[in-house]
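One structure is given here, and the rest of the page talks about it.
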Number of protein chains: 2
Amino acid sequence: MAKLTEIARQAGVSVSVVSRVLNGDPTVRAREETRQRVLQVAKELNYTANYAGRALRLARSKALALITPNVSSPLFADLLAGATQAAEEADYTVLIGLADTITAGSDTLRRLVGEGRVDGFVLQRHDDLSDQALESLVANDARVVLVTSRTPGRRGSVVLDDVTGAKLATEHLIALGHKRIALIGGVPHSDIARRREHGYALALHEAGLRRRESLVCRLGYTPEAAERAIESLLGTGARPTGVVVANVNGAIGALTALRRAGVDVPSEISVVAYHDEWVAEHTWPALTTVKMPYYQVGLQAVRSLIDQLGGKPAQDLVVREPKPELVLRSSTAPPKTA
Amino acid sequence: MAKLTEIARQAGVSVSVVSRVLNGDPTVRAREETRQRVLQVAKELNYTANYAGRALRLARSKALALITPNVSSPLFADLLAGATQAAEEADYTVLIGLADTITAGSDTLRRLVGEGRVDGFVLQRHDDLSDQALESLVANDARVVLVTSRTPGRRGSVVLDDVTGAKLATEHLIALGHKRIALIGGVPHSDIARRREHGYALALHEAGLRRRESLVCRLGYTPEAAERAIESLLGTGARPTGVVVANVNGAIGALTALRRAGVDVPSEISVVAYHDEWVAEHTWPALTTVKMPYYQVGLQAVRSLIDQLGGKPAQDLVVREPKPELVLRSSTAPPKTA
DNA sequence: GGGCTGGGAGCAATCGTTTTTTCAGGGAAG
DNA sequence: CTTCCCTGAAAAAACGATTGCTCCCAGCCC
């Protein structure tokens, strides 16, 4: 690879001039002619700045890590795409870290920033990771932006408009005429789960429907949890006619459990899922979902993190645009008139 | 962050001694006592080597990039897990790059290695990426290991035992008594698709069954492609009673198309998918699949890449262990006796 | 003609590691 | 009493890019 010295030699100037010209330093004092020559030689030699040299000098890696509990979700793909876009705009590189290798005692995150490999984190925490556990993972002065979840304190965050999204899903069932609507939500201590439950409750309240505690399950977002939730809901005396599942993977599990129990969807029970992904189109029946703007979350999170690195205070943002969108498929229908 | 000089000062020795002690340099000459003191101070100060300084000096980043067309697949998650494991063993870091941002003219990959951000690539190419296009993406002297696919020439590769896997899937249908077995395969020019088709053909041949060209579709691995394939298969005079779909996502699309056409699975047509993932358990009917050892591919690929970085020649490997495994679910059954 | 200004460009320090080279002192061999 | 070698450790030279300074020179005013 061509180095600065090489370009300087061929252009007949000193390295400092080359560096300044290439970085567009406004304080450079060089004739236009010289500037062009430098640019020309750099292009000919196909120059790319050595990353280590720059990072060493600037004490900045211009890289950030996106930490997630699971990469294998189309939702994460969206988030990643947004993050990558924002990073590119600011000439940053995105590393991806898997949170399941980052257990409580792990110092992976500390090392990442300690070694200067990354300047900061965008962190999507697992539902089970408490605020304290989170703090124990990252160095005190590390720059962090949490996505989809919040944490009290000085870390930044970018979350979805969970209230509106969950409300939209619930309102869809209400509009169809459902009165007994269950919620299969996240684990109780999660702030995400609380917001979604709030949206659900809000929709019921505004429609003048009673919210029954027996219709709310809080077992988590996995298909297995949703299967157990369905079993429990079917066991109760007054079955729901509609179910809001606060996660699309859970909804897939719910469909499986309902099928196994011989309950037809949507004629006996309607199911609407929070989050949209391609597989929702291929379930049986195809899932009606609420699509949330994950791309935007990734985009904002990285922008916010870069702002933070630039010295601005951490922010807590809510992504409201584009708005949550109902994707109508075949898993919802009016309830059978009793 | 503590630096070498700081440790040296506190331990009362020079930086060079600290560096060598910390790196376990066998040629270091220091009294055991001195060595212990250095180690002690380093631990107290919680020292982590600055990555940029080291990379600059060694002209090695100790990082490698895993490039993939889509992260959002459980299969990729397996691959990643294996790759991460192998990387960790050798003290390397894994970056993930998205291939869809890497179009033909893109210099992303060149820059990655040109800037010295990574030492080499593990590359999972999109089915449509030809050998030439691939070569145009990476610098000539870049170290590359291709996964699941091969390329002629000096790049390394690690592939699945596609022949055995596809053969296993086909043999399962044969064992159930099927005689008219279709294949929904990959695009024609792909080496992966060719191997899988070969496995399919081999199974038929060994069972003394005729291979009919009309029963082989080569449209690719997407759900949409498989839907079209099903439509075309159903339109032919002599319908198959069993279908091998060379990719699980395709199989999901196939189930959708069959359902739409009113064809019952498995009573009218059996479907077996290549690759296993969690959602296969939640389709209707649940998909019988062949599970392939992706984790091992990731593991071997990174090991092979690191070997290559160490100066060993590139290798072409086939992962045969653990063996392809048939996961029996509900999408396959004996054919209706005509 | 001396001092000042401002344009044009180079010097050299610096970032944190690694690694080669050098050096001082002491003990053993001749 | 030299001469050598060995031990233990320090000094110094990279690696490549950035940036505050310095230096030089021409022109201009007084």
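None of the values given here were measured: they were computed from a predicted structure. Letters go in sequence order (proteins before strands), and every chain restarts at 1.
- With respect to A:R9 and A:E6, a salt bridge is recorded, a charged nitrogen being found less than 4.0 Å from a carboxylate O.
- Two residues, A:A52 and B:T34, neighbour DNA chain D, and the one matched to the more 5' nucleotide by heavy-atom proximity is B:T34.
- Across all strands shown, B:N23 has heavy atoms under 4.0 Å from sugar-phosphate atoms exclusively, and none from any base.
- Atom CG in B:L22 sits about 16 Å away from atom P in C:dG16, given to the nearest Å.
- A donor-acceptor contact under 3.5 Å is not formed by the side chain of B:R54 with the base of D:dG16.
- Of all nucleotides listed (C:dT19, C:dC15, D:dA9), C:dC15 comes nearest to the side chain of A:L56.
- Whole-Å rounding puts the A:N50 CG to D:dA17 C1' distance at 8 Å.
- Between C:dG16, C:dA9, D:dT19, one nucleotide has an atom nearer to the side chain of A:A30 than all others, and that is C:dA9.
- Between the base of C:dC11 and the side chain of A:S16 there is a donor-acceptor pair shorter than 3.5 Å.
- The distance between atom CZ of B:R60 and atom C1' of C:dT19, rounded to the nearest whole Å, is 17 Å.
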Problem - salt bridge (Lys or Arg N to Asp or Glu O under 4.0 Å) between B:R155 and B:E135, intermediate numbers included - result: CA-CA 10 Å; B:R155 313 292 186 189; B:E135 286 300 326; 2.8 Å; yes
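- We find that CZ of B:R117 is positioned 14 Å from P of D:dA17, with the value rounded to whole Å.
- Listed nucleotides D:dT19, D:dA10, C:dT19 differ in distance to B:S19; the shortest reach to its side chain belongs to C:dT19.
- Atoms OH (B:Y51) and P (C:dC15) sit 20 Å apart, rounded to a whole Å.
- Rounding to the nearest 0.5 Å places CG of B:D191 at 5.5 Å from CZ of B:R125.
- Regarding B:R9, its CZ atom lies at a distance of 14 Å from the P atom of D:dA10, rounded to whole Å.
- Look at B:Y47 and you'll find a side-chain N or O under 4.0 angstrom from OP1 or OP2 of C:dT17.
- As a whole-Å value, the separation of B:I7 CD1 from C:dG16 P is 12 Å.
- Distances shorter than 4.0 Å separate some side-chain N or O of B:R31 from OP1 or OP2 on D:dA9.
- If you find the closest nucleotide of DNA chain D to A:R20 and to A:T5, the one lying nearer the 5' end belongs to A:T5.
- Between A:L4 atom CG and D:dT19 atom P the separation is 12 Å, expressed in whole Å.
- In this model, no donor atom of one side chain and acceptor atom of the other lie less than 3.5 Å apart for B:R117 and A:N50.
- Taking each heavy atom of B:Q300 and B:V319 in turn, the nearest pair found is CG-CG2, 4.2 Å.
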